[in-house]
Amino acid sequence: MPEPTAEPTVAIASDYFQSYSVVGLLAVVGVLFVAVAFSANRLLRPVVPTPEKLLTYECGVDPVGEGWAHTQVRYYVYAFLYVIFAVDSIFLFPWATVFAAPGYGATTLVEMFVFLGFLTVGLLYAYKKGVLAWT
């Protein structure tokens with residue numbers, strides 16, 4: 001009987017590490033590209049500090065008064081509602097792929113209606129509290 005050789009294993013290992021070397025090389029090139037861009041920016045930019053340039057700049061408005069201000073809570077509620085519906089849309093896409101798989105139709109359909117029921121209860125609660133009314 002002929003002895004088994006290790007050549008197929010070496011070939012598989014070299015292909016495996018070759019694919020990682022391409023990813024590693026791409027990562028190194030990316031890091032070098034960013035480093036060169038930041039270095040060029042630092043070398044080529046004009047440096048003329050003035051009092052206006054050293055002021056805090058926010059949304060095009062000159063800073064006036066204290067650095068602390070009240071913020072209305074309703075904006076946080078809008079952001080929270082957005083996150084809820086973003087999570088809803090993220091959950092719907094994988095559900096649609098599982099729903100199409102054989103043997104999972106009824107179970108996933110019931111799970112989705114339970115999930116949408118929870119979202120509906122949350123939306124009705126927000127509506128009853130007047131969160132969704134534009135003022």
Side-chain angles (χ1 to χ4, degrees):
M1 278 183 97
E3 297 269 335
T5 60
E7 289 179 14
T9 307
V10 172
I12 292 172
S14 69
D15 289 341
Y16 178 77
F17 289 118
Q18 183 180 6
S19 63
Y20 274 113
S21 66
V22 170
V23 172
L25 181 64
L26 185 63
V28 168
V29 168
V31 168
L32 284 175
F33 181 75
V34 171
V36 167
F38 275 108
S39 299
N41 181 26
R42 177 162 277 201
L43 292 173
L44 298 175
R45 71 178 180 201
V47 181
V48 184
T50 61
E52 290 83 16
K53 288 183 179 179
L54 298 176
L55 279 176
T56 303
Y57 179 79
E58 175 123 11
C59 301
V61 179
D62 290 332
V64 177
E66 297 179 20
W68 187 80
H70 291 283
T71 304
Q72 294 186 3
V73 174
R74 70 174 180 228
Y75 298 119
Y76 294 113
V77 175
Y78 292 138
F80 186 67
L81 287 172
Y82 170 77
V83 168
I84 288 173
F85 288 105
V87 169
D88 175 33
S89 64
I90 289 171
F91 186 70
L92 283 174
F93 289 113
W95 171 80
T97 58
V98 171
F99 182 69
Y104 291 103
T107 305
T108 56
L109 187 63
V110 169
E111 288 175 353
M112 183 49 63
F113 276 116
V114 169
F115 179 71
L116 291 175
F118 281 120
L119 285 178
T120 304
V121 168
L123 187 61
L124 287 174
Y125 177 78
Y127 179 74
K128 288 284 189 182
K129 287 291 187 178
V131 172
L132 303 177
W134 291 98
T135 56

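Once rounded to the nearest 0.5 Å, the distance linking OG1 of Thr120 with CZ of Phe113 reads 10.0 Å. Summarising the geometry, atom OG belonging to Ser39 is positioned 10.5 Å from atom CG belonging to Leu44; distances are rounded to the nearest 0.5 Å.
In the displayed structure, Arg42 atom CZ is contacted under 6.0 Å by at most 12 heavy atoms of other residues, nucleotides or ligands.
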Report, one line per pair, each donor and acceptor closer than 3.5 Å where one atom sits in a side chain of residues 121-132; sequence neighbours left out.
none

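In this structure, Phe38 belongs to a hydrophobic cluster whose other members, linked by side-chain heavy atoms under 4.5 Å apart, are Val34.
Taken together through direct or relayed side-chain contacts under 4.5 Å among Ile, Leu, Val, Met, Phe, Trp and Tyr, Leu109 and Met112 form part of one hydrophobic cluster.
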